[in-house]
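Below, read A as the first sequence line, B as the second, and so on, with proteins coming before strands; counting in each chain starts at 1. Note: hydrogens, waters and symmetry copies are ignored here, and every other heavy atom, side chains too, is used.
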Amino acid sequence: MKYWLMKSEPFVYSIDDLARDRITSWDGVRNYQARNFIRDDMQIGDMAIFYHSNSEPPAAVGVCRISSEAIIDETQFDHGNENFDPRSKPENPAWIAREVSFVKKFRKQVSIDEMRANKKLSEMLILRKGNRLSVTPITKQEFDEILKMGE
DNA sequence: GCCAACGTTGGC
DNA sequence: GCCAACGTTGGC
């Protein structure tokens, strides 16, 4: 089993939205490196930290679980969708999604400042300067540590 | 294949 | 709103 950190802007889709929906399609990823993680490295049952980016403060806010195989991201073919990709063809879809299901919302959100202050989390990609990947692998130790901080 | 220009991300 | 960092695009 692997562990992940997945970023979402809360005014687009928040942990409360996932708590309400219980399951959602994690689509709209338009970066090849992140796409490859989703397509090739994720497995059903993997756990992920749900992180709010572009929020005040940016913070880890909960946990979700990868709950489907790699599926086609239908938004790439939807002309009205902001993630429409005119270069992607249905016979060879460029973009992939996964269903993720709600596990828990943290009692206390874990801000980026708190994560930076924790030496055990210093290797996380999300904290590296210039990192912009919306999906990044983390270790079990990092996952457990964030979980502990959010309790 | 190089690389300048451009667009996007996301913390601040 | 700014801008550093970085990915993508496209002319050559």
Starting at [atom1] of [X] and ending at [atom2] of [N], how long is that distance when rounded to a whole Å?
{"X": "Asn31(A)", "N": "dT9(B)", "atom1": "CG", "atom2": "P", "value": "10 Å"}
{"X": "Asp85(A)", "N": "dT8(B)", "atom1": "CG", "atom2": "P", "value": "13 Å"}
{"X": "Arg132(A)", "N": "dG11(B)", "atom1": "CZ", "atom2": "P", "value": "12 Å"}
{"X": "Leu133(A)", "N": "dT8(C)", "atom1": "CG", "atom2": "C1'", "value": "14 Å"}
{"X": "Asn54(A)", "N": "dG11(B)", "atom1": "CG", "atom2": "P", "value": "6 Å"}
{"X": "Ile126(A)", "N": "dA5(C)", "atom1": "CD1", "atom2": "C1'", "value": "14 Å"}
{"X": "Asn131(A)", "N": "dG10(B)", "atom1": "CG", "atom2": "P", "value": "8 Å"}
{"X": "Arg128(A)", "N": "dG11(B)", "atom1": "CZ", "atom2": "C1'", "value": "17 Å"}

Requested in this report: Determine the interplanar angle of the Tyr13(A) and Phe50(A) rings, folded into 0 to 90°, and report it as parallel if under 30°, tilted if 30 to 60°, perpendicular if over 60°.
Outcome: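 Because their plane-to-plane angle lies in the 30° to 60° range, the rings of Tyr13(A) and Phe50(A) count as tilted.
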Query raised in the report: More 5' along DNA chain C: Arg30(A) or Lys129(A), using each one's nearest nucleotide?
Result: Lys129(A)
Query raised in the report: Contact class for Arg87(A) (heavy atom, under 4.0 Å): base, sugar-phosphate, or nothing?
Result: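 Touches sugar-phosphate only.
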**Report entry** Carboxylate-amine/guanidinium proximity below 4.0 Å for Glu145(A) and Lys120(A)
**Finding:**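 Here Glu145(A) pairs with Lys120(A) in a salt bridge, since their nearest N and O are under 4.0 Å apart.
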Query - Distance below 4.0 Å between Tyr32(A) side-chain N/O and dC6(C) OP1 or OP2 - result: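 Answer is no, no contact under 4.0 Å.
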Requested in this report: State whether the side chain of Lys105(A) and the backbone N or O of Phe102(A) hold a donor-acceptor pair below 3.5 Å, judged by distance alone.
Outcome: no
Report task. Using distance alone, with no hydrogens and no angle criterion, decide if Glu9(A) and Ser53(A) have a side-chain donor and acceptor under 3.5 Å apart. Result -> no
